[in-house]
Amino acid sequence: MLNQELNREFNFFGGEVVAIDKPSHITSFQAVNKIKWAARQYLNHHTEQTQNNQARLRVGHAGTLDPLATGVLLICTGKKTKEISSFQQLEKEYTGTFLIGATTPCFDLEREIDATYPTHHIQETDILTAAKKFTGVLIQQPPAFSAVKIQGKRAYELARKGIEVEIPGKEIEIKTFEITNISMPSVSFRIVCSKGTYIRSIARDFGKALDSGAHLTRLCRTRIGDFTLENSLNLHELMENLVKRP
């Protein structure tokens with residue numbers, strides 16, 4: 001099935017929605033640029049479009065993944081970029097791991113640990129009970145290191161300069177919060193949630209709920225709506241296929 005998707009003909013100007021498995025250590029914006037470059041190489045071989053037309057090829061993504069996160073990233077091209085907002089509304093599913101007893105400024109591994117907390121008082125029942133508190137409709141405060149705009153600037157741009165900003169809370173919905181493994185200090189989970197949910201913020205709040213601290217050490221987006229990780233294309237394989245296809 002994936003081979004068929006990888007080797008089919010692509011209509012990038014007419015509009016494509018391609019689910020890729022974003023690798024770790026690249027931004028969503030970088031993934032978009034990689035696909036845009038490969039798509040232009042593909043168009044060089046498969047259409048009569050001029051370079052100027054190819055330069056106007058529109059490519060975007062429907063929902064940012066953090067640089068260290070992996071998993072489903074929807075890439076939209078051509079006319080399908082007009083539907084990005086509708087794809088962003090789709091339900092999301094994630095799996096990942098929290099490390100209990102330590103925090104970082106950005107709530108994941110992009111920054112060094114800035115504080116440690118006791119964990120000896122935490123029992124397995126405490127972890128399971130805390131997870132139940134995070135289901136339903138909640139008001140969540142996004143991380144300072146996030147793409148939220150504050151007075152026209154991204155919050156992470158201000159945070160990296162050491163500028164403290166107050167980010168208003170936003171309504172989200174956690175439909176499922178399942179603890180899949182407990183091996184202290186690591187706790188693994190599966191979360192099904194609405195658009196705009198920051199799993200890093202859940203890590204922060206989960207640690208506080210346990211009278212400790214926590215940060216995210218692993219995150220994979222396994223689903224966006226009906227687009228699943230199992231049916232997503234490897235980014236590098238897709239690029240290589242587009243560039244080398246005769």
Side-chain angles (χ1 to χ4, degrees), residues 1-2 17-24 27-28 31 61-76 83-100 106-109 124-143 145-148 167-184 186-210 214-235:
M1 183 68 177
L2 287 181
V17 180
V18 181
I20 66 165
D21 179 4
K22 187 190 84 67
S24 182
T27 67
S28 299
H61 68 77
T64 303
L65 270 176
D66 291 332
L68 297 184
T70 64
V72 183
L73 182 68
L74 294 186
I75 305 293
C76 301
E83 301 178 28
I84 282 178
S85 61
S86 64
F87 291 121
Q88 289 175 330
Q89 301 298 323
L90 296 175
E91 180 180 271
K92 314 293 193 304
E93 182 177 68
Y94 298 88
T95 61
T97 303
F98 301 140
L99 190 140
I100 311 298
C106 53
F107 314 148
D108 68 5
L109 293 175
E124 182 172 315
T125 53
D126 298 323
I127 293 171
L128 297 175
T129 299
K132 293 179 181 178
K133 297 178 181 178
F134 286 87
T135 57
V137 177
L138 310 168
I139 301 298
Q140 182 185 75
Q141 184 180 22
F145 288 86
S146 67
V148 174
I167 304 177
K170 57 189 296 188
E171 185 176 280
I172 62 165
E173 182 179 5
I174 307 296
K175 300 179 181 179
T176 301
F177 191 159
E178 176 187 0
I179 301 299
T180 57
N181 186 65
I182 300 174
S183 182
M184 287 293 287
S186 294
V187 174
S188 297
F189 61 84
R190 182 179 74 90
I191 289 176
V192 179
C193 58
S194 65
K195 170 200 171 184
T197 302
Y198 283 91
I199 308 300
R200 286 183 289 129
S201 287
I202 294 178
R204 170 200 61 199
D205 298 338
F206 194 73
K208 290 180 179 179
L210 294 171
H215 64 278
L216 193 64
T217 59
R218 182 183 66 86
L219 183 66
C220 178
R221 185 156 64 195
T222 55
R223 181 171 62 84
I224 300 177
D226 293 330
F227 297 91
T228 65
L229 183 61
E230 292 76 15
N231 293 324
S232 297
L233 299 177
N234 179 281
L235 173 61

Quick check for you: to the nearest 0.5 Å, what is the distance between [X] atom [atom1] and [Y] atom [atom2]?
{"X": "Ile20", "Y": "Leu233", "atom1": "CD1", "atom2": "CG", "result": "8.5 Å"}
{"X": "Ile75", "Y": "Ile84", "atom1": "CD1", "atom2": "CD1", "result": "8.5 Å"}
{"X": "Phe87", "Y": "Ile224", "atom1": "CZ", "atom2": "CD1", "result": "10.0 Å"}
{"X": "Lys132", "Y": "Ile127", "atom1": "NZ", "atom2": "CD1", "result": "13.5 Å"}
{"X": "Gln140", "Y": "Asp205", "atom1": "CD", "atom2": "CG", "result": "6.5 Å"}

Any non-hydrogen side-chain atom of [X] less than 4.5 Å from a side-chain atom of [Y]?
{"X": "Asp66", "Y": "Arg200", "answer": "yes"}
{"X": "Phe189", "Y": "Leu219", "answer": "yes"}
{"X": "Leu138", "Y": "Ile172", "answer": "yes"}
{"X": "Lys92", "Y": "Val72", "answer": "no"}
{"X": "Pro142", "Y": "Lys170", "answer": "yes"}

Looking at [X] and [Y], would you say the former's side chain and the latter's main chain have a donor-acceptor pair under 3.5 Å?
{"X": "Ser28", "Y": "Thr64", "answer": "no"}
{"X": "Arg221", "Y": "Gly71", "answer": "no"}
{"X": "Gln88", "Y": "Lys195", "answer": "no"}
{"X": "Thr70", "Y": "Ser24", "answer": "no"}
{"X": "Ser201", "Y": "Gln141", "answer": "yes"}

Apply side-chain contact (heavy atoms from CB on, under 4.5 Å) to residues Leu65 and Tyr94 and explain how you reach the verdict. CA-CA 11 Å; Leu65 270 176; Tyr94 298 88; 4.3 Å; yes
Heavy atoms of other groups near Glu178 CD, more than 12 under 6.0 Å: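 Yes, the 6.0 Å shell around CD holds more than 12 heavy atoms from other groups.
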Candidate pair Thr95 and Arg218, rule side-chain contact (heavy atoms from CB on, under 4.5 Å), full reasoning: CA-CA 8 Å; Thr95 61; Arg218 182 183 66 86; 3.8 Å; yes
Out of the candidates Leu68, Leu99, Asp108, only one should pair with Leu216 under the side chain to side chain contact (heavy atoms under 4.5 Å, CB included) rule; please name it. Asp108
side-chain hydrogen bond (donor to acceptor under 3.5 Å, both in side chains) filter on Glu91, not counting sequence neighbours, yields Lys175, Arg223
At their closest point, which heavy atom of [X] faces which heavy atom of [Y], and how far apart are they?
{"X": "Ala214", "Y": "Ala203", "answer": "CB-O, 3.3 Å"}
{"X": "Arg190", "Y": "Thr176", "answer": "NH2-CG2, 3.6 Å"}
{"X": "Gly63", "Y": "Leu73", "answer": "O-CD1, 3.2 Å"}
{"X": "Ile174", "Y": "Phe134", "answer": "CB-O, 2.9 Å"}

Full working for side-chain contact (heavy atoms from CB on, under 4.5 Å) between His61 and Lys22: CA-CA 11 Å; His61 68 77; Lys22 187 190 84 67; over 6 Å; no
Geometric class of the Phe98/Phe206 ring pair [parallel <30°, tilted 30-60°, perpendicular >60°]: tilted
Quick one: list whatever passes side-chain contact (heavy atoms from CB on, under 4.5 Å) with Ser186, sequence neighbours left out.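 Ser186 satisfies side-chain contact (heavy atoms from CB on, under 4.5 Å) with Thr97 once adjacent residues are dropped.
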Does Phe177 form a side-chain contact (heavy atoms from CB on, under 4.5 Å) with Ile202? I'd like the steps, not just the answer. CA-CA 10 Å; Phe177 191 159; Ile202 294 178; 3.8 Å; yes
